[in-house]
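Owing to the predicted nature of the structure, the values given are computational and were not obtained by experimental measurement.
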Amino acid sequence: QVQLVESGGGLVQAGGSLRLSCAAHGSIYSINTMDWYRQAPGLQRELVASITRDGNPYYLDSVKGRFTISRDDAKNTGYLQMSSLKVEDTAVYYCNMEVETLSWGNYYGYWGQGTQVTVSS
């Protein structure tokens, strides 16, 4: 019914930048919160950034000042601009969106497939 397609991951050197995209496809009436999570090998998935439908952002302390979350509701797309990347940012990054598929329905969370971000020293 709804699929989130991520793109933009890759291999970069420390100090570099990447922009991740997450595009929602399917039957979409509205999108509430858009989130970005990451999971490094052997570690639990952690919330990196979140943005409400009115644009209020949240950031994990370790990425504040380096990452910027944004959204383009006309495209049903969320973005995570990552700058000044560090080796410890290496992880699989997953987007999550709370999507309403009916005007009278509830929001349900959907996950992207994940995109690998590797930061080398």
Side-chain angles (χ1 to χ4, degrees):
Q1 189 175 38
V2 175
Q3 283 188 298
L4 306 187
V5 180
E6 299 183 34
S7 61
L11 174 64
V12 297
Q13 291 188 333
S17 299
L18 286 173
R19 189 178 77 155
L20 306 183
S21 298
C22 179
H25 302 270
S27 181
I28 300 165
Y29 179 75
S30 67
I31 302 173
N32 193 28
T33 302
M34 296 183 182
D35 306 310
W36 287 95
Y37 291 77
R38 68 186 181 189
Q39 189 165 25
L43 300 178
Q44 287 193 313
R45 190 170 298 185
E46 64 181 349
L47 179 64
V48 176
S50 179
I51 185 167
T52 65
R53 69 185 304 168
D54 62 349
N56 189 39
Y58 160 84
Y59 297 99
L60 183 67
D61 282 346
S62 62
V63 309
K64 286 181 179 177
R66 301 189 297 117
F67 291 12
T68 301
I69 189 170
S70 61
R71 60 191 289 162
D72 185 344
D73 286 290
K75 297 180 179 180
N76 292 325
T77 300
Y79 305 94
L80 186 67
Q81 176 67 50
M82 305 184 295
S83 300
S84 300
L85 282 162
K86 303 175 180 180
V87 172
E88 50 263 47
D89 294 318
T90 296
V92 178
Y93 284 71
Y94 298 90
C95 62
N96 179 275
M97 296 185 184
E98 296 177 335
V99 180
E100 188 180 30
T101 58
L102 296 168
S103 62
W104 47 265
N106 298 319
Y107 287 98
Y108 294 93
Y110 294 87
W111 289 95
Q113 81 280 9
T115 184
Q116 177 70 49
V117 172
T118 302
V119 184
S120 66
S121 61

Cut-off 3.5 Å, no hydrogens considered: what does the side-chain donor-acceptor table look like for residues 39-48, sequence neighbours left out?
{"residue": "Gln39", "atom": "OE1", "partner": "Arg45", "partner atom": "NE", "Å": "3.4"}
{"residue": "Gln39", "atom": "OE1", "partner": "Arg45", "partner atom": "NH2", "Å": "3.4"}
{"residue": "Gln39", "atom": "NE2", "partner": "Leu43", "partner atom": "O", "Å": "3.2"}
{"residue": "Glu46", "atom": "OE2", "partner": "Arg38", "partner atom": "NE", "Å": "2.8"}
{"residue": "Glu46", "atom": "OE2", "partner": "Arg38", "partner atom": "NH2", "Å": "3.3"}

Worked check of salt bridge (charged side-chain N to carboxylate O under 4.0 Å, His left out) between Asp61 and Lys64: CA-CA 5 Å; Asp61 282 346; Lys64 286 181 179 177; 3.0 Å; yes
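Residue Ser103 comes nearest to Glu100 through the heavy atom pair O-OE2, 3.3 Å, listed as atom of the first residue, atom of the second, then distance. Residues Cys22 and Met97 share a closest heavy-atom pair of O-CE, 3.3 Å. For the residue pair Gln116 and Thr90, the shortest heavy atom distance occurs at NE2-CG2, 4.1 Å. Counting all heavy atoms, side chain and backbone alike, Ile31 lies closest to Tyr107 at C-CE2, 4.0 Å. Of all the heavy atoms in Glu6 and Gly114, the pair that sits closest is OE2-N, 3.2 Å. Shown here for Val87 and Ser120, the closest heavy-atom pair between the two residues is CG2-C, 4.2 Å.
Distance check: Tyr110 OH to Asn96 CG gives 11.0 Å after rounding to the nearest 0.5 Å. Note that OH of Tyr58 is 10.5 Å distant from CG of Asp35, once rounded to the nearest 0.5 Å. Atoms OG and CZ, from Ser83 and Arg19 in turn, are 11.5 Å apart once rounded to the nearest 0.5 Å. Taking CG from Asn32 and OG1 from Thr52, the interatomic distance works out to 7.5 Å, rounded to the nearest 0.5 Å. Rounding to the nearest 0.5 Å gives a distance of 7.5 Å between OG of Ser62 and NZ of Lys86. With rounding to the nearest 0.5 Å, the separation of CG in Asn76 from CD1 in Ile28 is 4.0 Å.
A distance-only check finds no donor-acceptor pair linking the side chain of Tyr59 to the backbone of Gly65 [under 3.5 Å]. With Arg71 contributing its side chain and Thr33 its backbone, the two residues share no donor-acceptor pair below 3.5 Å.
Side-chain atoms of Met34 and Cys95, non-hydrogen and from C-beta on, never get closer than 4.5 Å to each other. Counting heavy atoms from C-beta on, the side chains of Asp89 and Arg66 come closer than 4.5 Å. For the pair Leu85 and Phe67, the minimum side-chain heavy-atom distance is below 4.5 Å.
The hydrophobic cluster containing Trp36 also contains Tyr108, counting ILVMFWY residues as joined when their side-chain heavy atoms lie under 4.5 angstrom apart, directly or transitively. No single ILVMFWY cluster, assembled from side-chain heavy atoms under 4.5 Å apart, contains both Met82 and Tyr79.
Within 6.0 Å of CD on Gln13 lie no more than 12 heavy atoms contributed by other residues, nucleotides or ligands.
For the 3.5 Å distance criterion, the side chains of Gln1 and Ser27 fail to qualify, holding no donor opposite an acceptor.
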